[in-house]
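So the structure is just underneath, and the comments pick up after that.
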Amino acid sequence: MINNEGVANIFNEIADILELKGENRFQINAFRKAARTIDGLLEDISVVAGDGRLKELPGIGEGIAKKIIELLEGGKLKHHEELKNSIPSGLLEMIKIQGLGPKKVYKLHEALGIEDIEALKAAAEDKKLRGLSGFGAKTEENILKGISQYRRNIERVPLGIAMLYAESIVANLKDIESVSEITYAGSLRRMRETIGDIDILVSSLDPGDVIDFFTGLKCVTDVLARGDTKSSVIMNDLQVDLRVVKPDSFGAALQYFTGSKEHNVRLRDLAIRKGLKINEYGVYRGDKKIAGDSEDGIYRSVGLGYISPEMREDRGEIEAAINEDLPKLIELGDIRGDLHIHTDYSDGKRSIKEMVRAAKSRGYEYIVISDHSPAVAIASGPSREDLKKQMKVIKNLNKDSDGFRIFASTEVDIKPDSSLDFDDEILSELDIVVAAVHSKFSMDEDDMTDRILSAIENPNVDIIAHPTGRLLGKRDPYKVDMKRIIGAAKRTNTVLELNASPRRLDLNDMHCKQASESGVKIAISTDSHDIYQMAFMKYGIGTARRAWLKKEDVVNTKPLKSLMKFFEIE
DNA sequence: GCCGTTTTCGGCCCGACTGTTTTCAGTCG
């Protein structure tokens, strides 16, 4: 059975082919919009179709609804098959090359019979492109550059890495005299889990000065574009776009360059209906500028409350704003403790005392010491006896802790046979039990789901850590039926973790939203193995805000007393 | 192909940069 992603991919491919053939661009947008709707859907598209609700979805009307049903029934779409057969498949790959779009690719195919990237490369090297109108020597050079870049496969980088680069660029440009405001924007500001390129926005009355400094930075390896107010460069194998605007447009530009594109299209559409026009300089009624210096003002001008960057994905936030129903999102300052911490009892780098001190300096009221159980051999976690000793040490530390509380715990391994790595007797003595999968990730979906469910069903287990096991860019999530996990977690009052480590961010934003909408409580934990990693909490908060989580949805916003009540700790 | 507190027809976001052109098309975000 085809899933949501499969249907979305087919509609996107239809849009690509129609674009190559130069068909009506609004029809093309309609397919893309439908694809986006389906891709972002929390429900299974087959369920929506079964209920006859397809046409209630935004961007899905009579024609596309029929196509979805055809796909669900037969796994194929006649319209799609016909389109695919009408062009060489290599053209679809060619449009992915930077600087090449559908028009140029189709022209290359029509005029020179070029059908794939290999042929394109050969033709460009033989200087055969420059004869075509619209193509010159520079175009050939750029195409070859684009091909080698495409082949190097510049991938999206994890949020945590991109954030470090962005913060250092911001720090560098801040000192330029004409710069009055500077920040990063784009998907980084929306705290997406991976980042394709870094967007930096600056307000200055002397754009040339800023652009000069930016393109001259030592770490810049290639300048892709350099205009009067805008420039793109490559540094650290990552594209960085800089835009400079005047201060009275900073809010409008920040709104615009934060995106997402889908969110902005919706916002501009709304503005048009109200007789307004939004661009990156401001909001205009006729020639009169009515907003621009602040982001808040942009939203107010179209009658909406302020929508936080993390929500701007066209996943219902515009509707929520129209209905004055925007959630008050959780903030970093709401966090009162960390519920997943490692120490030198297993593979952590620091002692319990050191981790406690770091937690206190962050203003926390409690932490959970959850070292690995022995089955995770590489972490050389405490044996049953050593865990008992650790519990005693914690008990003593708690005696003179001026109100701060250390909770004894374990990150007990859920073994491939579904059993836990510690017996129920010792688990029941711990304050909190965190359980997680660390091995045999390749199980099929039913077995893996059953494996995790059996941990959820154990009354001693309080929290399931990193529930899908993914490592961003390194290891795919294991296959698991999240609906069953969420259902069981709700029924047993088991907490699901949002692991804040930027290499995990697991649960992801969509699963988190799903879980919390089903009434499951979330723990945002850093899984720290060293002091500095406790700062990862901000990435967890970012993901939580993308999931529309409120303070009440997250257990570690509770003050000490009510947290103890929640976990039934003496 | 979708959609409607102007509309069931006629709209559909907007502007910068590049490279090719002699005023603009294509691409990108």
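Order of the sequence lines sets the chain letters (A, B, ...), proteins ahead of strands, with each chain counted from 1.
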Next on the checklist: Students often get this wrong, so: under 4.0 angstrom with heavy atoms, is A:Lys277 touching a base, only sugar-phosphate, or nothing?
Outcome noted: sugar-phosphate
Checklist entry - Does A:Tyr165 have any ring-ring contact (aromatic ring centres under 6.0 Å, His included) partners at least two apart in sequence or in another chain, and if so, which? => result none
Item to check | Close side-chain approach of A:Val210 to A:Ile182, heavy-atom, < 4.5 Å | outcome: no
Checklist entry - Given the C1' atoms of B:dG1 and B:dT8, what is the spacing between them in whole Å? => result 15 Å
Item to check | Watson-Crick or G-U wobble mate for B:dC17, both contacts under 3.5 Å | outcome: B:dG26
Checklist entry - For A:Glu262 and B:dC12, what is the distance between atoms CD and C1' respectively, to the nearest whole Å? => result 16 Å
Checklist entry - Taking side chain as C-beta onward, heavy atoms only, is A:Val220 less than 4.5 Å from A:Thr215? => result no
Checklist entry - A:Tyr256 OH to B:dC28 P: how many Å, rounded? => result 14 Å
Next on the checklist: Please confirm whether the shortest side-chain N or O distance from A:Asn142 to OP1 or OP2 of B:dG19 is below 4.0 Å.
Outcome noted: yes
Next on the checklist: Below the 4.0 Å mark, does B:dG1 have OP1 or OP2 next to a side-chain nitrogen or oxygen of A:Lys67?
Outcome noted: yes
Next on the checklist: What's A:Lys103 touching, base or sugar-phosphate or nothing? Going by heavy atoms closer than 4.0 Å.
Outcome noted: sugar-phosphate
Checklist entry - Ion pair present between A:Arg189 and A:Glu295, side-chain N to carboxylate O less than 4.0 angstrom? => result yes
Next on the checklist: Over all strands shown, is A:Arg25 touching base, sugar-phosphate only, or nothing at heavy-atom distances under 4.0 angstrom?
Outcome noted: nothing
Next on the checklist: I want to check one thing: is the phosphate of B:dC17, taken as OP1 and OP2, less than 4.0 Å away from some side-chain N or O of A:Thr229?
Outcome noted: yes
Checklist entry - What is the nucleic acid contact for A:Asn29, judged by heavy atoms within less than 4.0 Å: base, sugar-phosphate only, or nothing? => result nothing
Checklist entry - Given that A:Leu224 and A:Lys96 both sit by DNA chain B, which one's nearest nucleotide is further toward the 5' end? => result A:Leu224
Checklist entry - Would you say a side-chain N or O of A:Ser231 is under 4.0 Å from OP1 or OP2 of B:dC17? => result no
Checklist entry - Which whole number of Å gives the distance between the P atom of B:dA16 and that of B:dG10? => result 32 Å
